[in-house]
Amino acid sequence: METITTNKLTYIKDLEAFVGQKVTLKGWLANKRSGKGIAFLILRDGSGFCQCVVTESDVDEESFENAKSLTLESAFEIEGNVVRDEKQMGGFELQATKLRTISIAEEYPIAKKEHGVDFLMDRRHLWLRSRKQWALSKIRNTVIFSIHQFFQERDFVQMDAPIFTGNACEGTTTLFETDFFGDTAYLSQSGQLYGEAMAMAQGLIYTFGPTFRAEKSKTRRHLAEFWMIEPEMAFYDLDMDMDMIEEFIKYVIKSVLDKNKDELEILERDTTSLQKVANTFPRLTYEKAVRIIKGEEDINGKNSITTLEEDLKEVLEKIETTNKDISERETRIEAGGMKKGEVNFNLNKIGKLKAEVKEFESLAENIPQWIESAKNFEFGGDFGGSDETVLTRLFDTPVMVYKWPAAIKAFYMKEDEEDPNFVKGVDLLAPEGFGEIVGGGERETSKELLVKKIKEHDLPMEAFEWYLDLRRFGSVPHAGFGLGLERLVGWICNIHHIRETIPFPRVMGRLLP
RNA sequence: UCCUCCUUAGCUCAGUUGGUUAGAGCGGCUGACUGUUAAUCAGUAGGUCCCUGGUUCGAGUCCAGGAGGGGGAGCCA
């Protein structure tokens, strides 16, 4: 097959520099519309999307035949002139002069239509090509890059914790078991303890690696395999740790706002809430947070319980108006006299509205339960998903909750000087119902206290001898935290299902693709 | 492990108190159309109603059991 000879490949993202010039693009057909003597091809090349116009009178016969025969996701190369067109996403269009087919795709399973999640997850390897998934991947990349940038600018050393570990280190969660030359090894649930060892060598370190949890969780915020970033800082206390968390989150969000305007637009992300991250994050003690959740204390003039009750009323109203809208459209279709296109439009709209009603209805069912659970929250317990929502609903920035009951936190958290029932841990809760994205705190420095807590938690002492060495040899105050990459990306992109934030999610029942 | 919802065409779904030959839109294919933005318009093909058993003159619809999936609880990033 004849190809277009070219010395240099141009990418869609760079088209601005080529306005008025002839370029060659290579990519895949994302969508096609055609009329007599004209075809509109939406080309995607990985760097972006671009409409290419192939007009019969402007190209050779073979090129036009090629354009007509392209199926969805066929690969081709196209030569043409770059023109500015404000109507296009990205602002440019290619007016083709030549088109050569690279490969013709079989019938593509992902249609220009809504699909169910299971169908899409079975075809995740193809779904990644779709516009939203493409935008998500670009933003995930920005997040990863700016995380490295943030720590590298501050002279942190990236060091890696092992993935195979010999003990179920924190003893709290279910881990994946695997055979390690005859010994039982577990897949790491956290690089935390190793991070501390590395911080005692380098001062400031961070790990960036995969983490595994074997809990049989089937919720939209859990993965069995996810990526975690865990900085650890020698000579840092809890306050310095919280300062670092806040500065870090602000930095990453700003990078995305600066670099990914188009991608956020594709995702229809309202960025005003992201911009509010520039404000100071409230820092609440666990005790105060509990009072707020239970509605015993107002915050910013808002009460948790009455706010939820208002939310419920609003949701019920939305259900009513949406249902009314649906029946009005149905009546108009039944009345007849409507053009077919208009009927289709209304049928599709009705489908969407019905899905919305279902969402609202499950909310309407959940909110009363949230209210009950918030009212009856028992001091000393951990926050459930709904409690986090109830609390963060009252703020428009992420919220830090610190000074947690010792009983519900890991053994290595530093005991509070004022009250040994509490530890100097901190959680960062993202707004808009995204929940906990960071967990961290100051670490216990006293060897004696650690020994006591390891016993209390019923953990095997011999597995922690090396860890206790860190207290035997030059113990210093230190702190750190763990950030869940996928949860952060989910919040930034306003994607409520975490499985879309990682290329190939591993959740219960999903090993392929 | 528990609670809850779902399974009908390639996809998204409708299918009334159980009743003849199971429907729509999208996608596919054929054709029309010179600027489309999920293009539009006409035509056309496409079904193991998740599986097993039961009730019934008759089951996509009712009952029992099973399988698969969604959402949530617990646990957490």
Side-chain angles (χ1 to χ4, degrees), chain A residues 30-42 49 51 53-58 71-72 85 87-89 93 95 106-123 131 170 172-174 189-190 192 211-230 330 333 339-352 354-355 358-359 361-362 365-366 369 373 381-386 388 408-410 427-430 434-440 481-491 496-498 507-510:
Chain A
N31 196 8
K32 178 169 94 167
R33 293 173 287 273
S34 59
K36 186 174 183 175
I38 193 163
F40 302 94
L41 311 175
I42 308 299
F49 293 80
Q51 173 163 284
V53 188
V54 187
T55 312
E56 194 166 17
S57 52
D58 293 350
T71 53
L72 225 55
D85 182 356
K87 278 182 293 183
Q88 303 303 327
M89 178 90 202
E93 176 178 276
Q95 288 179 342
E106 294 173 24
E107 188 183 329
Y108 194 60
I110 300 178
K112 302 180 281 186
K113 194 50 183 118
E114 281 175 52
H115 293 281
V117 198
D118 203 45
F119 177 84
L120 291 168
M121 278 318 315
D122 281 341
R123 291 154 188 81
R131 215 177 259 259
E170 293 174 27
T172 47
T173 49
T174 321
Q189 62 159 325
S190 162
Q192 154 79 50
T211 305
F212 308 89
R213 305 276 164 94
E215 265 112 19
K216 293 187 173 175
S217 288
K218 283 178 79 172
T219 78
R220 52 179 93 183
R221 44 176 207 289
H222 287 91
L223 291 168
E225 175 185 289
F226 64 98
W227 288 74
M228 191 150 71
I229 294 89
E230 295 181 282
E330 279 171 344
I333 292 171
K339 282 179 84 175
K340 200 178 167 194
E342 205 180 342
V343 172
N344 289 346
F345 174 82
N346 278 297
L347 282 174
N348 287 328
K349 187 80 189 175
I350 287 169
K352 270 188 189 173
K354 279 187 179 172
K358 271 187 191 168
E359 276 284 310
E361 278 171 349
S362 75
E365 254 175 63
N366 285 332
Q369 288 172 27
S373 142
D382 208 347
F383 295 166
S386 75
E388 289 177 354
I408 54 168
K409 288 288 181 187
D427 282 359
L428 181 76
L429 308 176
F434 285 92
E436 185 180 348
I437 53 173
V438 170
F481 61 89
L483 167 86
L485 176 66
E486 286 76 18
R487 284 196 184 167
L488 176 62
V489 172
W491 167 45
H496 276 271
H497 210 307
I498 197 166
V507 297
M508 218 204 335
R510 170 71 59 189

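Convention: sequence-line order gives letters A, B, ...; per-chain numbering from 1.
Among the protein residues, L223(A) comes within range of the nucleic acid bases, having at least one heavy atom under 4.0 Å from a base atom. E93(A) comes within 4.0 angstrom of a base, heavy atoms only. Residue I498(A) is in base contact, counting any heavy-atom pair closer than 4.0 Å across all strands shown. Contacts of D85(A) with the nucleic acid, taken as non-hydrogen atoms under 4.0 Å apart, include base atoms. Note on Q95(A): a base of the nucleic acid sits closer than 4.0 angstrom, heavy atoms only. G439(A) comes within 4.0 angstrom of the backbone, heavy atoms only, and of no base.
Considering only side-chain N and O atoms, K218(A) lies under 4.0 angstrom from the phosphate OP1 or OP2 of rG70(B). OP1 or OP2 of rA73(B) lies within a sub-4.0 Å distance of a side-chain N or O belonging to R221(A). Using a 4.0 Å cut-off, some side-chain N or O of R33(A) falls inside it from OP1 or OP2 of rA39(B). For R220(A), a side-chain nitrogen or oxygen approaches OP1 or OP2 of rG72(B) to under 4.0 Å.
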* **Check against side-chain contact (heavy atoms from CB on, under 4.5 Å), D58(A) and Q95(A)** => CA-CA 9 Å; D58(A) 293 350; Q95(A) 288 179 342; 5.9 Å; no
* Asked: Please walk me through it: do Q192(A) and M228(A) pass side-chain contact (heavy atoms from CB on, under 4.5 Å)?
  -> CA-CA 10 Å; Q192(A) 154 79 50; M228(A) 191 150 71; over 6 Å; no
* To do: List the steps and the verdict of side-chain contact (heavy atoms from CB on, under 4.5 Å) for I42(A) and R131(A).
  => CA-CA 11 Å; I42(A) 308 299; R131(A) 215 177 259 259; 4.0 Å; yes
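Rounded to the nearest Å, the gap between the P atom of rG71(B) and that of rU12(B) is 15 Å. Remark: the separation of the C1' atoms in rC57(B) and rC51(B) is 26 Å, to the nearest Å. Between rU52(B) and rG15(B), the distance separating the two C1' atoms is 24 Å to the nearest Å. Distance noted for atom P between rC50(B) and rU7(B): 8 Å (whole Å). Taking the C1' atom of each, rA45(B) and rA9(B) are spaced 11 Å apart, rounded to whole Å. Of the C1' atoms belonging to rG47(B) and rU55(B), the separation is 26 Å, rounded to the nearest Å. rU34(B) and rU40(B) are spaced 14 Å apart, taking the C1' atom of each and rounding to whole Å. To the nearest whole angstrom, the two C1' atoms, one in rG25(B) and one in rA38(B), are 12 Å apart.
With a 3.5 Å ceiling on both atom-pair distances, the Watson-Crick or G-U wobble partner of rG71(B) is rC3(B). A 3.5 Å limit on both hydrogen-bonding distances identifies rU52(B) as the Watson-Crick or G-U partner of rA64(B). The pairing partner recorded for rU21(B) is none, the criterion being a Watson-Crick or G-U wobble arrangement whose two distances lie under 3.5 angstrom.
Whole-Å rounding puts the M508(A) CE to rG69(B) P distance at 9 Å. Atom-to-atom, CZ of R510(A) to P of rG69(B) comes out at 9 Å; the value is rounded to the nearest Å. Rounded to whole angstrom, the span from the CZ atom of R487(A) across to the P atom of rC76(B) amounts to 11 Å. Note: CG (D118(A)) to C1' (rC6(B)) measures 12 Å, nearest angstrom. Separating the CD atom of E436(A) from the P atom of rC75(B) is a distance of 12 Å, rounded to the nearest angstrom. In this entry the distance linking CD1 of I42(A) with P of rU36(B) reads 13 Å, nearest Å. Rounded to whole Å, atom C1' of rC75(B) lies 13 Å from atom CG of D427(A). A straight line from CG of D58(A) to C1' of rG35(B) spans 13 Å, rounded to a whole angstrom.
Closest approach to the D382(A) side chain among rC76(B), rA77(B), rU36(B) is made by rC76(B) (side chain taken as heavy atoms from C-beta onward). Here the side chain of N31(A) is nearest to one of rG74(B), rU36(B), rA39(B), namely rA39(B). Of the candidates rU34(B), rU36(B), rA77(B), rA77(B) carries the atom nearest the H222(A) side chain, counting heavy atoms from C-beta on. Considering only the side chain of I38(A), rU34(B) comes nearest among rG72(B), rC11(B), rU34(B). For V53(A), the listed nucleotide lying nearest its side chain is rG35(B); candidates were rG35(B), rU1(B), rA77(B). Listed nucleotides: rC76(B), rU36(B), rC75(B). Nearest to the side chain of R213(A): rC76(B).
In this structure, Q189(A) and E215(A) have side chains that are not in contact, with every pair of non-hydrogen atoms separated by 4.5 Å or more. Between R487(A) and F226(A), the closest side-chain pair of non-hydrogen atoms is not below 4.5 Å. You'll find the side chain of R510(A) reaches within 4.5 Å of the side chain of D118(A), heavy atoms only.
You'll find a donor-acceptor pair under 3.5 Å spanning the side chain of Q51(A) and the base of rU36(B), going by distance alone. The base of rG72(B) is not paired with the side chain of Q369(A) by any donor and acceptor separated by under 3.5 Å.
Looking at every heavy atom in both residues, F434(A) comes nearest to G490(A) through CE2-O, 3.4 Å.
For the pair S217(A) and M228(A), nearest-nucleotide mapping onto RNA chain B gives the more 5' position to S217(A). Nearest-nucleotide mapping onto RNA chain B: of H497(A) and I408(A), the residue sitting toward the 5' end is H497(A).
Checked against V53(A) for a side-chain contact (heavy atoms from CB on, under 4.5 Å), the options I38(A), L41(A), D85(A) give a single hit: I38(A).
Judged by centroid separation below 5.5 Å and plane tilt below 30°, F226(A) stacks onto the base of rA77(B).
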